[in-house]
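What follows is a short report on a single structure.
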There are 2 protein chains.
Amino acid sequence: MANLKQLAQSLGLSITTVSRALDGYSDVSAATRERVREAAEKAGYRPNASARRLRKQRAELVAVTLPADPGHIGPPHFLDMLSGCAEHLAAFGLNLVIAPVPRGESELEICRRFVDGRRVDAMLLVRTKRRDERVEFLQSRGIPFVTNGRTESPAPHPYIDGDGFAGFRSATLRFHAAGHRRIGHIAGPQEYYFAHVRRMGWQAAMEECGLAPDLCSEGAPTEQGGYMAALELLRQPSRPTALVCATDEMAIGALRALREVEGGYQISIIGHDDLPMGAFTSPPLSTMRMTGENLGASFATLLLRAIAGEPAEQLQELHAIEFVDRDSHRRPPVAA
Amino acid sequence: MANLKQLAQSLGLSITTVSRALDGYSDVSAATRERVREAAEKAGYRPNASARRLRKQRAELVAVTLPADPGHIGPPHFLDMLSGCAEHLAAFGLNLVIAPVPRGESELEICRRFVDGRRVDAMLLVRTKRRDERVEFLQSRGIPFVTNGRTESPAPHPYIDGDGFAGFRSATLRFHAAGHRRIGHIAGPQEYYFAHVRRMGWQAAMEECGLAPDLCSEGAPTEQGGYMAALELLRQPSRPTALVCATDEMAIGALRALREVEGGYQISIIGHDDLPMGAFTSPPLSTMRMTGENLGASFATLLLRAIAGEPAEQLQELHAIEFVDRDSHRRPPVAA
DNA sequence: CTTGACTCCCAAAACGTTTTGGAGAATCCT
DNA sequence: AGGATTCTCCAAAACGTTTTGGGAGTCAAG
């Protein structure tokens, strides 16, 4: 309600003194400090955020860009993540603003608007591409940022990512150990880093086992994309006995394809993300997920450290992938 | 990058003129206006947001509080809603900041922080209670806001809500028409408006049919809460042949309870929310959902109109509930 | 008595924008 | 020609805070 000026006037003090008293500076006597604090409390005084931001040259805001593409947002608990991140940031005086991409605008323009308008102190990027123009822009501007997912940018930048390569490699090896020899991969769009690295993991495992990595089909990272890609693999003369899918959403689409094809129910399948609904599919969907808890807080910590100026190399987290054992990966290795 | 002052200097104009030229005022000649615009474009000039906000006495921000309680956030597409809302707001120069509730703090304190610190021009509230202290606070401060869900506040306020009463009443009547006579209700916490009004809808239908509304059990709005509540109803001497559940999450918990009880698979069930995973349960969960598309944009529009000063009475949307026909409501009306 | 250190306070500047209230020149009307 | 009107432009104020650079006053040491 009140103003610093009004508060000072009512106390017979200068604006300076009141401001410094509230900030706990030592050059105001303990008695005055207490008096000021009480008055501020009683008046319900809160400093005007815009004024402080202008003066301190800090926006006290962090933006997260939400991709509007199909395929939703990757992680299932994305909102929880955002919420955790915002909560952690708030403890340090930062608020999280969400920056959706309006129709007809690029994510780059959003970044530009936020950064050049001094609207934010840092940014959080999700769904990175292998070559990500947002990353390049932010690096050129020198503004702190953290990505969810790596990129192939030559300059290092802070990120949190799951080790998709290792996860998909070991999932493939698991199928091989179970006797599978025709292991297919349902890949996401290869411009996305996560999709590419998952495919590389599958491919590496295949080659390690002396198998040709040719049963691969790419689709949109959606239920429909997985469905189409699976159908294509099932049309092959020698169709796969097991499928490693880039995402759970795609895996669920693939399950639908399997149901529509003779003997399809005999094909093993595994996804990635641990979507809640995976527990309800038939068969229940085996999957993988990134380890680590309270991811939101991790993002927030990295953002704060990036703002504090820590070098990017110290702000990179690669999390292990863990296997979620349900039932869909347990089909016999030999197709009908 | 650049400053209004620097830009003016480089053009040999005053700050005033540059500012007015960019804002398209008529008291700067077309030639100058164009010259300024070009220079601004070339310099990549964006007005400093904090400065403008301070001067215009507007925060250009809207906050949405995220409840941290169990039971998640009600609607399944909540993130999509937020995204749509943010996108629509952005078209009018407003950004959406998310305000999670830190542990140990009340939602009221959050509101206070945002409102009294002049951090926002308006607020968006979700998960209203019948008597909601946030609503009372915001009304007392006279700051514009819109709620997702009604309240029992004596003074009207803008809201968007589904007509839970009608939805649950007609779901109950549908069961009655199908021959059911023992229709139970799994209720959410009655302090929430949505939970209360849904129970009232069920109760009204029961009384219309001349049935006693005694098969009701309340639980937390979670899978576990629904499970527990269902078990309690199933322990009754004369157990229900159909269940109307306050939320899909609770309904899924109830389904689990039904599986664990002899003859439980014969009991009909319906939920509310249209969670994606409802399509995958067995049996697939019949449910209801609020009609209306691009809810986020509706919220944004209401917020903008509230900020513009329209009276609350004109800013209330009650949406019809539509039935989503899957399979779980089609069990025989007579229990084993 | 002078000096220096210390304590407590304050006036003024600064942050970058928008807006107010004109000023000077040109144009129009009579 | 004289006055009114229009067209361009600008200096200065304002928004509310934080920070800079002291300024009195007190006290102890020299």
Side-chain angles (χ1 to χ4, degrees), chain A residues 1-37 39-40 43-61 93-95 113-121, chain B residues 1-37 39-40 43-61 93-95 113-121:
Chain A
M1 205 56 204
N3 212 334
L4 206 49
K5 190 185 331 191
Q6 292 164 21
L7 199 57
Q9 223 147 28
S10 82
L11 282 164
L13 289 170
S14 75
I15 293 181
T16 310
T17 304
V18 176
S19 171
R20 313 210 90 200
L22 291 175
D23 273 7
Y25 279 71
S26 68
D27 69 349
V28 31
S29 75
T32 310
R33 186 159 48 225
E34 210 36 55
R35 199 160 63 94
V36 170
R37 282 207 170 131
Y45 169 77
R46 309 277 168 121
N48 180 304
S50 304
R52 189 194 21 230
R53 288 167 182 172
L54 172 59
R55 172 63 228 228
K56 303 197 90 164
Q57 296 287 75
R58 296 201 277 97
E60 298 179 353
L61 251 33
L94 293 177
N95 284 121
R113 200 205 317 295
F114 274 92
V115 169
D116 289 346
R118 296 267 149 67
R119 287 157 143 32
V120 293
D121 297 323
Chain B
M1 203 58 204
N3 215 336
L4 206 48
K5 192 190 322 197
Q6 293 162 20
L7 199 57
Q9 225 147 27
S10 81
L11 282 164
L13 289 170
S14 76
I15 292 182
T16 309
T17 304
V18 176
S19 171
R20 312 211 93 202
L22 293 175
D23 273 7
Y25 278 70
S26 67
D27 68 349
V28 31
S29 74
T32 311
R33 186 160 50 225
E34 211 36 55
R35 198 161 64 94
V36 170
R37 283 210 168 128
Y45 169 77
R46 310 276 169 123
N48 180 303
S50 302
R52 191 196 20 232
R53 288 167 181 172
L54 172 59
R55 171 63 227 225
K56 303 198 88 163
Q57 295 288 76
R58 296 202 277 98
E60 297 179 355
L61 251 33
L94 293 177
N95 285 121
R113 198 200 324 290
F114 274 91
V115 169
D116 289 346
R118 296 266 150 66
R119 292 163 173 311
V120 292
D121 297 322

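The structure presented is a predicted model; accordingly, all values stated were derived computationally and were not measured.
Side-chain proximity of A:S14 to D:dC15, C:dA11, D:dC10: nearest is C:dA11. Between C:dC15, D:dC9, C:dT18, one nucleotide has an atom nearer to the side chain of A:Q57 than all others, and that is C:dC15. Between C:dC9, C:dA14, C:dT17, one nucleotide has an atom nearer to the side chain of A:R55 than all others, and that is C:dA14. Nearest to the side chain of B:S29, among C:dT19, D:dC9, D:dT18, sits D:dC9. Among D:dC10, C:dC15, C:dT18, the nucleotide with an atom closest to any side-chain atom of B:R52 is C:dT18. With D:dA12, C:dA12, C:dC15 as the candidates, the nucleotide lying closest to the side chain of A:T16 is C:dA12. Distance from the side chain of A:V28 is smallest to C:dC9 among C:dC9, C:dG16, D:dC9.
Rounded to a whole Å, the CZ atom of B:R119 is 14 Å from the C1' atom of D:dG16. Atom CG in B:D27 sits roughly 11 Å away from atom P in D:dC7 (whole-Å rounding). Atom NZ of B:K56 is separated from atom P of C:dG16 by 19 Å (rounded to the nearest Å). Look at CZ on B:R53: it is 13 Å from P on C:dT18, rounded to the nearest Å. We find that CZ of A:R46 is positioned 17 Å from P of D:dG16, with the value rounded to whole Å. Between B:L11 atom CG and D:dT8 atom P there is a gap of 17 Å when expressed in whole angstrom units. The separation between A:L54 atom CG and D:dC15 atom C1' is 9 Å, rounded to whole Å. In this structure, the CZ atom of A:R58 is 21 Å from the P atom of D:dG16, given to the nearest Å.
In this structure, A:T32 reaches the C:dC9 phosphate: one of its side-chain N or O atoms is under 4.0 Å from OP1 or OP2. Taking only side-chain nitrogens and oxygens, B:Y25 never comes nearer than 4.0 Å to OP1 or OP2 of C:dT18. Considering only side-chain N and O atoms, B:Y45 lies under 4.0 angstrom from the phosphate OP1 or OP2 of C:dT17. A close approach under 4.0 Å does occur between a side-chain nitrogen or oxygen of B:N3 and OP1 or OP2 of C:dT17.
A:S26 comes within 4.0 angstrom of no nucleic acid atom, judged by non-hydrogen atoms across all strands. Residue B:I15 is in base contact, counting any heavy-atom pair closer than 4.0 Å across all strands shown. Residue contacts shown for B:S50 are absent, as no nucleic acid heavy atom lies under 4.0 Å away.
Atoms CZ and CD, from B:R52 and B:E60 in turn, are 4.0 Å apart once rounded to the nearest 0.5 Å. Taking CZ from A:R33 and OG from A:S26, the interatomic distance works out to 7.5 Å, rounded to the nearest 0.5 Å. Distance CZ/B:R35 to OG1/B:T17: 10.0 Å, rounded to 0.5 Å. For the atom pair CD of A:Q57 and OG of B:S50, the computed distance is 7.5 Å after rounding to the nearest 0.5 Å.
A:R53 is listed as a side-chain neighbour of A:L61, based on a closest heavy-atom distance under 4.5 Å. No side-chain heavy atom of B:Y45 sits under 4.5 Å from any side-chain heavy atom of B:V18.
Take the nearest nucleotide of DNA chain C for B:R20 and for B:N48: the residue whose nucleotide is more 5' is B:N48. Nearest-nucleotide positions on DNA chain D for A:L4 and B:G12 put B:G12 closer to the 5' end.
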